[in-house]
Amino acid sequence: MEKVAFIINPFSAKKNYQPFLNELKTKVDNPLYYVSESIPGTDDFIQKHFNEVDIFVAIGGDGTISTVAKNLINTVKILAIFPAGSGNGFSNETQFSKNLDELLEKIKAKKSRKIDTFTVNDKLSINVSGTGFDGKVVKEFEKTTRGFKNYIKVSLKTFFSYKPIKLKFFTEEYKQYNGKYLMVNIANTRQFGNNAYIAPQASKSDGLVDMVLVKKFPLTYSPLFAFRMFTKKLKDDDYITYLPVSEIEFKVNTKNWHLDGEFNKIKSPIHVKVQPSSLNILI
């Protein structure tokens with residue numbers, strides 16, 4: 001295991017990473033691991049061991065995975081995952097489970113494939129990013145102890161008070177979609193996390209992202225929206241528009257974004273660009 005490094009986010013999984021670490025030490029002799037103190041600390045650890053390590057394992061949620069991944073973009077290094085977040089959208093979409101034995105078998109086989117990533121104003125995203133309602137939800141969610149129940153509570157509270165954002169495209173072919181939206185999502189994979197599929201047709205290896213435009217809908221539409229989202233049946237209708245794109249520019253009248261579930265302030269204009277086949281994932 002000298003060619004594998006394990007990077008642990010101690011703030012994921014309700015700050016209870018010790019059972020994972022204990023199990024790891026019983027199954028791997030003298031594992032190389034790092035309990036991350038900060039994003040710069042993670043970057044430094046990866047760069048320090050970059051030449052000697054083939055596979056970097058991220059133990060955390062989508063934000064942790066993205067932090068590790070940004071150091072591996074367009075290299076031969078391989079990303080592996082032990083899901084320990086509140087939503088685990090990206091690990092769900094890349095078939096990683098909370099089973100260490102299964103992960104170690106994958107590491108032993110060392111098979112990988114390339115997938116797409118994308119950037120929002122040069123900031124990396126690997127799963128789903130967005131602005132509007134869900135950007136505000138993530139901002140408020142980070143003030144809680146996280147967890148799926150808190151996410152639902154914050155979402156409901158925010159929905160009733162949130163005013164739609166204004167979206168304006170620069171390219172002529174998309175100007176017909178200018179208007180007010182509840183939220184705008186950029187989806188490289190199908191789900192936010194917790195099996196909530198915002199873009200059921202999205203693919204992480206087609207050179208495209210699905211731009212999902214969601215208009216504010218009446219309360220009576222909410223049960224149908226939720227049912228379709230959790231059964232992979234969301235589609236274009238009066239409230240939802242899907243635009244598959246490889247690159248696009250637009251502006252919105254808010255700076256509140258989430259990138260893979262992590263709150264970010266990003267100023268318009270916004271430039272989204274797909275990076276095809278830019279990340280090696282363990283399979």
Side-chain angles (χ1 to χ4, degrees), residues 1 3-21 23-25 27-28 31-50 52-118 123-129 146 188-189 191-194 204 258-262 264 275 278-283:
M1 285 290 171
K3 294 185 178 181
V4 181
F6 297 85
I7 299 166
I8 300 167
N9 180 352
F11 304 106
S12 292
K14 298 179 181 179
K15 303 182 181 180
N16 187 22
Y17 68 91
Q18 200 61 51
F20 168 84
L21 190 53
E23 185 181 5
L24 178 67
K25 288 179 178 178
K27 294 179 176 178
V28 177
L32 174 62
Y33 69 89
Y34 172 65
V35 180
S36 178
E37 299 174 351
S38 64
I39 290 175
T42 294
D43 294 341
D44 289 345
F45 174 81
I46 292 173
Q47 293 310 312
K48 179 181 178 182
H49 297 282
F50 193 81
E52 69 196 69
V53 170
D54 295 325
I55 301 171
F56 289 89
V57 184
I59 298 93
D62 286 350
T64 305
I65 297 163
S66 186
T67 297
V68 175
K70 75 177 181 182
N71 291 278
L72 312 182
I73 294 295
N74 295 318
T75 74
V76 298
K77 304 303 180 180
I78 300 170
L79 174 69
I81 300 161
F82 186 89
S86 54
N88 300 317
F90 188 74
S91 56
N92 289 345
E93 290 292 284
T94 47
Q95 287 78 56
F96 286 97
S97 69
K98 295 181 179 181
N99 185 316
L100 183 56
D101 289 329
E102 186 178 299
L103 175 60
L104 295 177
E105 284 299 315
K106 285 185 175 185
I107 289 171
K108 187 177 179 181
K110 201 183 174 183
K111 293 181 180 179
S112 65
R113 61 171 292 204
K114 289 183 179 292
I115 65 167
D116 304 334
T117 61
F118 68 98
K123 293 177 180 285
L124 178 70
S125 179
I126 57 175
N127 195 54
V128 177
S129 294
R146 301 180 79 92
N188 185 44
T189 74
Q191 64 170 291
F192 287 126
N194 293 305
K204 55 190 175 293
H258 77 86
L259 300 181
D260 300 323
E262 299 292 321
N264 278 258
Q275 302 181 105
S278 53
L279 181 64
N280 275 324
I281 289 283
L282 193 71
I283 59 173

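For clarity, every value in this text was computed on a predicted model and none was experimentally measured.
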- Is it the case that more than 12 heavy atoms not belonging to E37 sit under 6.0 Å from its CD atom? no
- Message: A side-chain contact here means heavy atoms from C-beta on lying under 4.5 Å apart; do Q95 and I283 qualify?
- Response: no
- Set of residues satisfying salt bridge (Lys or Arg N to Asp or Glu O under 4.0 Å) with respect to D44, sequence neighbours excluded: none
- Residue among I59, N88, L103, N99 satisfying side chain to side chain contact (heavy atoms under 4.5 Å, CB included) with P83: N88
- Message: Show the nearest heavy-atom pair for residues Q191 and V128, with the distance to one decimal.
- Response: O-CG2, 3.4 Å
- Task: Step by step, work out the side-chain contact (heavy atoms from CB on, under 4.5 Å) result for I7 and F56.
- Result: CA-CA 7 Å; I7 299 166; F56 289 89; 4.1 Å; yes
- What pairs with E105 under side chain to side chain donor-acceptor pair (under 3.5 Å), at least two apart in sequence or on another chain? none
- Query: Going by the salt bridge (charged side-chain N to carboxylate O under 4.0 Å, His left out) test, which pairs reach into residues 56-69, not counting sequence neighbours?
  - Reply: none
- Item | Donor-acceptor pair, side chain of N188 and main chain of D116, under 3.5 angstrom | yes
- Task: Apply side-chain contact (heavy atoms from CB on, under 4.5 Å) to K110 and I78, showing your working.
- Result: CA-CA 9 Å; K110 201 183 174 183; I78 300 170; 4.3 Å; yes
- Query: Any side-chain heavy atom of I8 sitting closer than 4.5 Å to one from L21?
  - Reply: yes
- Note on the structure: With sequence neighbours left out, the residues meeting side-chain contact (heavy atoms from CB on, under 4.5 Å) with T67 are I39, T42, D43
- Task: Taking side-chain contact (heavy atoms from CB on, under 4.5 Å) as the test, write out the residues that go with T94, two or more places apart.
- Result: I81, F90, F96, K204, I281
- Task: Take L282 and L79 through the test side-chain contact (heavy atoms from CB on, under 4.5 Å) and record every step on the way to the result.
- Result: CA-CA 6 Å; L282 193 71; L79 174 69; over 6 Å; no
- Message: Can you tell me how far apart CZ (F11) and OG (S36) are? Round to the nearest 0.5 Å.
- Response: 8.0 Å
- Give a yes or no on whether F20 atom CZ has more than 12 heavy-atom contacts from other residues, nucleotides or ligands under 6.0 Å away. yes
- Item | Pairs satisfying side-chain hydrogen bond (donor to acceptor under 3.5 Å, both in side chains), at least one member in residues 72-84, at least two apart | none
- Is there a side-chain contact between N264 and H258 (heavy atoms, below 4.5 Å)? no
- Query: Do other residues, nucleotides or ligands put more than 12 heavy atoms under 6.0 Å from K114 NZ?
  - Reply: yes
- Who are the side-chain contact (heavy atoms from CB on, under 4.5 Å) partners of S66, not counting sequence neighbours? L124, I126, D260
- Note on the structure: On a heavy-atom basis, the closest approach of A58 and V68 is CB-CG2, 3.8 Å
- Are L32 and F6 side-chain neighbours, meaning at least one heavy-atom pair lies under 4.5 Å? no
- Output all residues satisfying ring pair (Phe, Tyr, Trp, His ring centres under 6.0 Å) with F45, sequence neighbours left out; order by chain, then residue number. Y34, H49
- Task: Find the distance between CD1 (I46) and NZ (K70) and round it off to the nearest 0.5 Å.
- Result: 8.5 Å
- Message: Looking at every heavy atom in both F50 and L72, which two are closest together, and how far apart are they?
- Response: CE1-CD2, 4.1 Å
- Item | Pair V53-V4, side-chain contact (heavy atoms from CB on, under 4.5 Å): steps then yes or no | CA-CA 5 Å; V53 170; V4 181; 5.6 Å; no
- Task: Output all residues satisfying side chain to side chain donor-acceptor pair (under 3.5 Å) with T117, sequence neighbours left out; order by chain, then residue number.
- Result: Q275, S278
- Message: Are V28 and L104 packed together at the side-chain level, in the sense that at least one heavy-atom pair is separated by less than 4.5 angstrom?
- Response: yes
- Task: Sequence neighbours left out, what pairs pass salt bridge (charged side-chain N to carboxylate O under 4.0 Å, His left out) with at least one residue falling in residues 82-102?
- Result: K27-D101, E93-R190
- Query: F192: what forms a ring pair (Phe, Tyr, Trp, His ring centres under 6.0 Å) with it, not counting sequence neighbours?
  - Reply: none
- Item | Under the salt bridge (Lys or Arg N to Asp or Glu O under 4.0 Å) test, residues paired with K106 that sit two or more places apart | none
- One should read off an interatomic distance between L259 CG and S125 OG, to the nearest 0.5 angstrom, of 6.0 Å
